[in-house]
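A short worksheet on the structure shown next.
Hydrogens, waters and symmetry mates are skipped; everything else that's a heavy atom, side chains included, is used. Just so you know, these numbers come straight off a predicted model, no measurement behind them. Lettering follows sequence order; numbering is per chain, from 1.
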Amino acid sequence: MKVTVNALKQYVDFDWSVEELTERLTMLGLEVESVEQVGGGYEGIEVAEILEFVPHPDADKLSVCQVADSTGHRQIVCGAKNFKVGDKVPLILPGHSLPIKEGEKPFTIKVGKLRGVESCGMMCSGAEIGITQDSAGLMILGADAKVGQPIAEYLGCAEKDVLLDMEVTPNRPDYNSVIGIAREIAALTGNPLRWPEVTSEETGGPLSKVLDVRIEDPERCPRYQARVIKGVKIGPSPTWLQQSLEKVGVRSINNVVDVTNFVMLEVGQPLHAFDLKLVKRKGDHLPTVVVRTAQDKEPFVTLDDQSHELDPKMLLIADETQGIALAGVMGGLNTEINDQTVDVLLESACFHPGNIRRTSKLLDLRTDASYRFERGADVSICDWASRRAAQLIMETAGGQLCQGSIDAYPGLKDPLTITLSYEKTNRLLGIEIPGDDQKKLLESIELNCIESNVGSCCVQIPAFRVDLKGEIDLIEEVTRLYGVDRIPSTPPRGAHGANEFDTLHDQLMDARLLLTSLGLSETQGQTLIADSAARRVHPGFVALEYPLSSDMNVLRPSLLPGLLDVLQHNVSHRNTDVAVFEIGRVFLPGESTVTESRKLAIAWIGNRQLGFWKGGAKAEKVDIFDLKGLLDGFLDGFGIRGFSWRTESCEQGEFFIEKASLCLGRNTLGEMGQLMPLVAREFDIKDSVFMAELDLDRLVAMRVHSRSFKPIPAYPSVRRDIAMLVAESTTHMEVQRAVKKAKVQQLDSVEVFDVFRGKHVPEGKKSVAYSFVYRDASKTLTDSEVNKAHDKLIAHLQTSLSAEIR
Amino acid sequence: MSGILEQIEPLTQEALQALESAGSLTDLDKARVKYLGVNGQFTALLKQMGSLPKEQRPAAGKQINLSKKKLEGVLISRKEDLELEACLPSEPTDFSLPGREQRLGKLHPLTQVTEDIIRSFRKIGFVVADGPEVEDEYHCFDALNTPADHPARDSQDTFYVKTPDRPLLRTHTSSVQIRVMETQAPPIRIIVPGRVYRRDTADATHNPTFHQIEGLYVDKNVTLGDMKGTVEFVFRELLGKDVKLRFRPHYFSYTEPSLEIDFSSALTRKMGKEWLEIAGCGMVHPKVFGNVGYDPEVWSGWAFGFGIERIAMIRYGISDIRLFYENDLRFLNQF
């Protein structure tokens with residue numbers, strides 16, 4: 001809502017500086033978002049009257065004029081022709097500059113001679129002083145301009161003004177008017193709110209002879225009031241009216257329409273003016289305004305020349321033959337005020353907020369009127385607004401007001417009353433505001449007290465406060481007016497919270513910290529991704545109904561597409577070593593609803609180690625065992641016991657070229673692998689890409705938190721290495737199983753240290769090397785004891801794996 | 001033969017000379033073997049003791065042992081010196097050269113800010129709660145006193161999911177308030193971090209996905225003063241002791257009174273603003289209590305919430321929200 005300080009001062013007295021006003025309103029809940037200086041200017045430009053003029057003796061195109069001004073009289077040489085004696089025009093005095101447009105140098109007027117004749121100033125066109133676009137001749141001012149009057153005063157912007165732009169919260173429609181804001185200032189200062197006096201002579205004959213109104217849907221239209229002004233003359237608005245609209249960003253149209261807009265801004269009541277002659281009548285009936293719902297698919301053209309197709313829930317203002325206005329939203333083209341309009345039908349009505357909101361949304365038609373109605377207009381102000389507008393129309397466009405009004409008011413209700421218990425306010429705020437003070441605060445905003453006692457008061461809610469519905473709303477009013485800054489802060493106290501998720505949050509954090517300690521950086525990807533990206537990793541996904549764009553049209557079924565984007569972004573910015581993870585939610589279509597779960601995903605490309613000036617372990621690229629080692633380290637650190645990786649087959653066209661799944665008991669908890677190089681290339685990645693995605697919710701559930709201390713070995717161990725040839729198909733896991741099955745008691749640990757194919761190894765075989773560590777917890781093992789154990793193990797490997805010891 | 005006794009002193013001097021002049025550990029060892037070794041000259045001297053008259057033996061033995069001890073002492077100290085010398089680097093180290101860099105994983109800045117906020121709240125008895133991101137209209141709007149045609153829904157243009165029950169992506173974390181209160185009896189003291197969604201096209205200050213954090217406290221006799229006190233505590237922890245807060249009346253459908261919180265600090269002044277809007281809060285609306293079956297005559301409470309991106313942007317001086325979701329390592333590694 002835009003309003004100027006001078007406009008406010010017409011309705012209430014206050015002597016605060018702009019800063020103080022801004023601060024006070026903001027702290028009252030009406031945040032001032034911007035403050036802008038407007039108006040002022042036109043220094044040294046005043047109204048002059050042309051007394052006489054004669055042609056310039058030396059130039060055909062110039063005239064020598066004698067004019068009257070504030071100092072008396074002066075001579076001016078002028079090039080324009082469009083004036084006559086007695087015309088009043090703007091005059092800029094010597095020593096002053098023409099209003100500067102942005103990017104232009106100021107032009108200062110001097111006393112000088114034009115072709116030998118002295119000229120003491122300059123008479124101006126509208127364009128020259130920046131008021132109108134007209135540069136064809138002098139700007140001829142109205143007869144009401146007084147000689148010597150500063151032009152700024154004549155234009156209605158005598159003083160500089162300050163434009164405030166305020167954020168109006170949706171619960172306070174009453175703030176969408178100058179009077180509404182002035183009312184709050186009145187409450188703060190204690191000064192009275194000044195309503196403009198409205199007295200109109202009704203000389204246009206009885207209204208009941210020219211118009212009728214019929215409300216067919218009182219639910220959607222609680223009030224419809226009509227007045228008629230006969231014999232108006234449509235034309236441009238007087239300057240004060242144009243200026244007051246334009247200052248707050250409303251375009252001036254003509255005198256009648258401008259008045260309706262002015263009154264809407266003044267008091268918040270949207271009005272509409274129809275050309276009465278264009279309201280069609282049925283037979284010899286009076287022209288009748290019918291408030292009804294539209295028929296299905298009823299066509300209607302609004303005054304912005306847009307065609308709409310209505311539905312049966314939309315409220316229409318109609319005559320007996322057709323719609324003439326889209327109720328509360330916009331008038332119709334068919335009855336618009338135009339240059340030929342003589343009789344004006346003035347509508348001042350109130351409509352159901354939800355219905356207006358629906359219509360406006362469905363037709364994508366937002367207007368100042370719909371904005372106000374959908375937030376809730378003041379049903380009681382219709383009559384005042386109508387009379388005020390009628391008076392202003394007569395002042396600006398002439399005409400005679402018909403006697404009386406037609407006021408269909410089916411929604412007339414007794415005002416709401418609410419009781420406030422003072423103690424309740426104090427309990428909620430944590431302070432003691434005496435009951436009397438609370439009552440006074442409520443009364444200061446026109447909530448009249450109809451009953452009160454020591455502990456409570458009952459107030460009547462004026463119709464403009466549509467937001468006040470219950471006691472809690474009154475407590476808020478007291479809080480606001482008392483001042484939130486006056487309520488002392490009390491240190492945190494009270495119960496300790498409890499929620500199941502609290503520990504889960506810590507577990508997710510544990511996972512994050514473990515992964516960062518392993519050298520991975522955390523990323524946060526978009527939840528909304530493209531269906532094509534989702535399809536790459538998962539056949540099923542959840543789509544949005546109205547996506548913003550096709551690259552954000554589904555909920556991610558996996559974190560991997562997001563990580564691919566991270567890799568692509570980084571590689572394209574030359575960050576070629578990327579080790580990242582994300583922990584986040586994924587969404588899959590469930591049986592009846594959407595299933596959400598948390599995942600952990602990793603992506604890793606580039607060099608294993610960061611560069612070093614000495615060289616050394618030079619630029620070795622990460623491989624699948626880097627990823628596996630990292631995952632094993634993470635899982636172990638996270639407390640996952642007894643997991644294993646199962647090699648999975650990958651088919652052509654899959655996401656991974658090689659992959660394994662994480663198994664724990666019968667559960668599969670995720671997978672890791674190398675990305676299909678074709679996919680990597682699509683993302684401009686040349687290096688091999690290693691990725692994994694784990695089911696974090698289930699990992700958390702399977703976490704083992706208990707740890708118990710095992711004594712540190714007291715006796716030394718003995719290590720024996722073997723290398724053996726086994727079949728290519730024999731896996732490390734099978735070797736481990738065979739070792740376990742040998743049941744060698746003193747065997748402490750076993751580790752693989754080489755896998756070799758090539759020289760001296762026959763085709764179809766591989767050489768694997770293991771080291772075995774033997775130890776006894778109670779004594780130092782002798783050589784022969786170790787040999788015995790080792791031989792037993794070797795024998796078992798030979799038979800169970802057909803291993804050939806080298 | 002000359003007397004053993006006469007030989008002791010010259011031999012000691014000779015040995016001393018040899019030990020002290022040894023230039024390397026090898027030379028030193030050679031000297032040790034020559035004089036003090038099993039077949040060394042002092043051993044030989046001891047072996048000759050037998051030829052001495054019985055009464056001279058103790059004195060000679062004592063003297064030889066004294067000399068040996070002395071030499072052994074010199075040997076040890078010389079050995080230490082030479083060992084230290086051997087350890088010295090052959091050329092001086094330039095400590096200004098970079099060391100071998102290790103890869104340090106970083107938490108995402110949004111995670112870091114979220115954790116800081118959670119830590120502050122946990123100090124004063126709050127616990128973390130969570131709820132679904134795919135929500136129904138009831139929990140996201142209706143239960144929060146925002147009916148279907150309410151203008152407050154205007155600024156929350158919402159993503160709907162294309163499934164038969166047509167759920168939506170929650171537009172705020174406040175839906176979790178309802179879910180927690182529906183399942184837990186008061187008192188409640190929770191903090192809810194999480195992702196929320198609005199139909200905003202991505203630009204420098206918008207991303208369709210962003211994060212919020214929300215606090216809810218419900219108890220007997222909870223006051224607006226309590227809310228101010230808690231909010232002040234958390235923001236001082238988060239933004240520094242010098243931060244000033246301002247509460248001004250505002251409107252949210254699920255709280256009454258509703259306030260907006262502005263803060264002021266060296267940071268805001270650096271941005272050219274005295275006050276910067278940072279959070280919204282208010283006393284839980286009695287209708288919201290009614291919706292979850294709490295008696296508003298018995299229980300009162302407050303809630304407050306804010307955007308995590310906004311806090312992170314202010315704290316680190318980040319001007320484009322999209323940076324959080326691009327995950328450029330040059331960005332991530334700065335925090």
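- Note on A/R480, A/H496, A/E31: by heavy-atom pairs under 4.5 Å with chain B, the leading option is A/E31.
- Across all non-hydrogen atoms, the minimal contact from A/G494 to B/Y217 is CA-OH, 3.1 Å.
- Here the CG-CG distance, from B/L107 to A/L520, works out to 11.0 Å after rounding to the nearest 0.5 Å.
- A donor-acceptor contact shorter than 3.5 Å links the side chain of A/N570 to the backbone of B/L329.
- Using a 4.0 Å cut-off between charged side-chain N and carboxylate O, B/R122 and A/D502 make a salt bridge.
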| Given A/M509 and B/T111, is the side chain to side chain contact (heavy atoms under 4.5 Å, CB included) satisfied, shown in steps? | CA-CA 9 Å; A/M509 213 46 213; B/T111 305; 3.9 Å; yes
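- Of all the heavy atoms in B/L104 and A/S521, the pair that sits closest is O-OG, 4.2 Å.
- No other option in B/E260, B/E277, B/E133, B/H211 has as many heavy-atom pairs under 4.5 Å with chain A as B/E133.
- Not one N or O on the side chain of B/Y251 forms a donor-acceptor pair closer than 3.5 Å with the backbone of A/G29.
- Ranking B/N333, B/L169, B/D262, B/D200 against chain A, the residue ahead of the rest is B/L169, based on heavy-atom pairs under 4.5 Å.
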| request: Decide yes or no on side chain to side chain contact (heavy atoms under 4.5 Å, CB included) for A/L610 and B/Q102, but give the supporting numbers first. | output: CA-CA 7 Å; A/L610 300 173; B/Q102 303 298 308; 5.8 Å; no
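- Neither the backbone nor the side chain of A/V478 comes within less than 4.5 Å of any heavy atom in chain B.
- Between the CZ atom of B/F247 and the CD1 atom of A/I487 there is a distance of 10.0 Å, given to the nearest 0.5 Å.
- Taking chain A as the reference chain and counting heavy-atom pairs below 4.5 Å, the highest number among B/I190, B/N207, B/L259 is found for B/N207.
- In the model, B/R100 has no side-chain atom that pairs as donor or acceptor with a side-chain atom of A/Q609 under 3.5 Å.
- Comparing B/V161, B/D226, B/T230 by how many heavy-atom pairs each has under 4.5 Å with chain A, the most go to B/D226.
- At least one donor-acceptor pair under 3.5 Å links the side chain of A/T490 to the backbone N or O of B/G225.
- For the pair B/R248 and A/E23, the salt-bridge criterion is not met [side-chain N within less than 4.0 Å of a carboxylate O].
- In terms of heavy-atom pairs under 4.5 angstrom with chain B, the leader among A/L30, A/I472, A/L513 is A/I472.
- A distance-only check finds no donor-acceptor pair linking the side chain of B/E256 to the backbone of A/E476 [under 3.5 Å].
- Between B/D130 and A/N499, the shortest heavy-atom distance links the atoms N-OD1, 4.4 Å.
- A donor-acceptor pair is defined here as one N or O able to donate and one able to accept, closer than 3.5 Å; such a pair exists between the side chain of A/E522 and the backbone of B/H108.
- Atom CD of A/E500 is surrounded by 12 or fewer heavy atoms from other residues, nucleotides or ligands within 6.0 Å.
- Most heavy-atom pairs under 4.5 Å with chain A, from the set B/T163, B/V134, B/I124: that is B/V134.
- Across all their heavy atoms, B/R103 and A/D577 have their closest contact at NH1-CB, 4.1 Å.
- Residues B/R195 and A/T527 have side chains that bring a donor and an acceptor to within less than 3.5 angstrom of each other.
- For A/Q526, the parts sitting under 4.5 Å from any heavy atom of chain B are the backbone and the side chain alike.
- Taking the charged nitrogens against the carboxylate oxygens, B/R246 and A/D485 have no contact shorter than 4.0 Å, which rules out a salt bridge.
- Distance check: A/N575 CG to B/D328 CG gives 5.0 Å after rounding to the nearest 0.5 Å.
- Contacts between A/S592 and chain B at a heavy-atom distance below 4.5 Å involve the backbone alone (N, CA, C, O).
- B/N327 places a side-chain N or O within 3.5 Å of a backbone atom of A/Q524 that can act as its donor or acceptor partner.
- To the nearest 0.5 Å, the span separating CE on A/M552 from OG1 on B/T209 amounts to 6.0 Å.
- Atom CG of A/L429 and atom NZ of B/K228 lie 10.0 Å apart (nearest 0.5 Å).
- In terms of heavy-atom pairs under 4.5 angstrom with chain B, the leader among A/V542, A/L504, A/T593, A/D506 is A/D506.
- A pairwise comparison of heavy atoms in A/G497 and B/V127 identifies O-CG1, 3.4 Å as the closest pair.
- Atoms CG and CZ, on A/L555 and B/F159 in that order, are 9.5 Å from each other to the nearest 0.5 Å.
- What you find for A/A495 and B/D219 is that their closest heavy atoms are N-OD2, 3.4 Å.
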